[in-house]
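To start, the structure itself, in structure tokens.
Positions are given from 1, in the same order as the sequence printed here.
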Amino acid sequence: MLKIKDNVDLKELEKYGFKKKYYYNAICIVREDRKHDIFFDLKTRKLLFVNYGYDTLYDLIKDGLVEKVEE
């Protein structure tokens, strides 16, 4: 499972186009536009959903903002 690293300030994700939104009783940080749907749960920082946003997700991993964790 992927998650945003604990030491990453969530404001830093704004430069990747992410915004805070509420979905299904969860507070998420979301990148939504024509080409990207990426959802991270803010409480756990875990990746919830990716649809057509793999290039942005790759950038987050490459820039050291996201890590793989065991469930």
Side-chain angles (χ1 to χ4, degrees):
M1 169 163 292
L2 297 176
K3 70 172 266 203
I4 301 167
K5 289 183 177 180
D6 292 332
N7 65 344
V8 171
D9 182 356
L10 295 176
K11 289 269 188 194
E12 193 170 338
L13 296 179
E14 290 177 0
K15 64 183 170 184
Y16 294 89
F18 286 88
K19 297 179 182 177
K20 186 188 291 188
K21 292 199 176 185
Y22 294 88
Y23 286 98
Y24 302 106
N25 297 324
I27 302 171
C28 299
I29 190 158
V30 177
R31 166 88 192 241
E32 288 183 305
D33 59 26
R34 289 179 163 182
K35 298 178 183 174
H36 306 86
D37 290 324
I38 301 174
F39 296 77
F40 287 97
D41 183 305
L42 281 181
K43 185 176 180 181
T44 64
R45 295 178 166 239
K46 290 183 180 176
L47 179 66
L48 297 176
F49 177 78
V50 178
N51 183 28
Y52 303 113
Y54 298 104
D55 54 340
T56 300
L57 185 58
Y58 175 78
D59 291 340
L60 294 173
I61 295 167
K62 183 180 76 171
D63 293 344
L65 303 175
V66 173
E67 65 185 346
K68 183 177 178 182
V69 295
E70 297 296 320
E71 287 194 55

Check for me, please, whether F39 and V69 land in the same ILVMFWY cluster - side-chain distances under 4.5 Å, paths through other members count. no
What is the minimum heavy-atom distance between R45 and K5, and which atoms define it? NH1-O, 2.6 Å
Tell me whether L47 shares a hydrophobic cluster with Y22, the cluster being built from Ile, Leu, Val, Met, Phe, Trp, Tyr side chains joined at under 4.5 Å. yes
Is it the case that one hydrophobic cluster holds both Y58 and L13, taking links as side-chain heavy atoms less than 4.5 Å apart, direct or via other members? no
D63 side, atom CG; E12 side, atom CD - distance, nearest 0.5 Å: 8.5 Å
If you count the non-hydrogen atoms of other residues, nucleotides and ligands that lie under 6.0 Å from CZ in F49, is the total more than 12? yes
What one should report as the nearest heavy-atom pair of D59 and Y16 is CB-CE2, 4.2 Å
Single-linkage hydrophobic cluster L10~L60, side-chain heavy atoms < 4.5 angstrom: yes
If you look at every heavy atom in L57 and I38, which pair is closest and at what distance? N-CD1, 4.0 Å
What's the spacing between I4 CD1 and K46 NZ if we round to 0.5 Å? 12.5 Å
In Å, rounded to the nearest 0.5 Å, how long is the span from NZ of K20 to CD of E14? 9.5 Å
Is I61 close to L2 at the side-chain level, that is, under 4.5 Å between some pair of heavy atoms? yes
Closest heavy-atom pair, T44 versus D41, reported as atoms and distance to 0.1 Å, is N-OD1, 3.2 Å
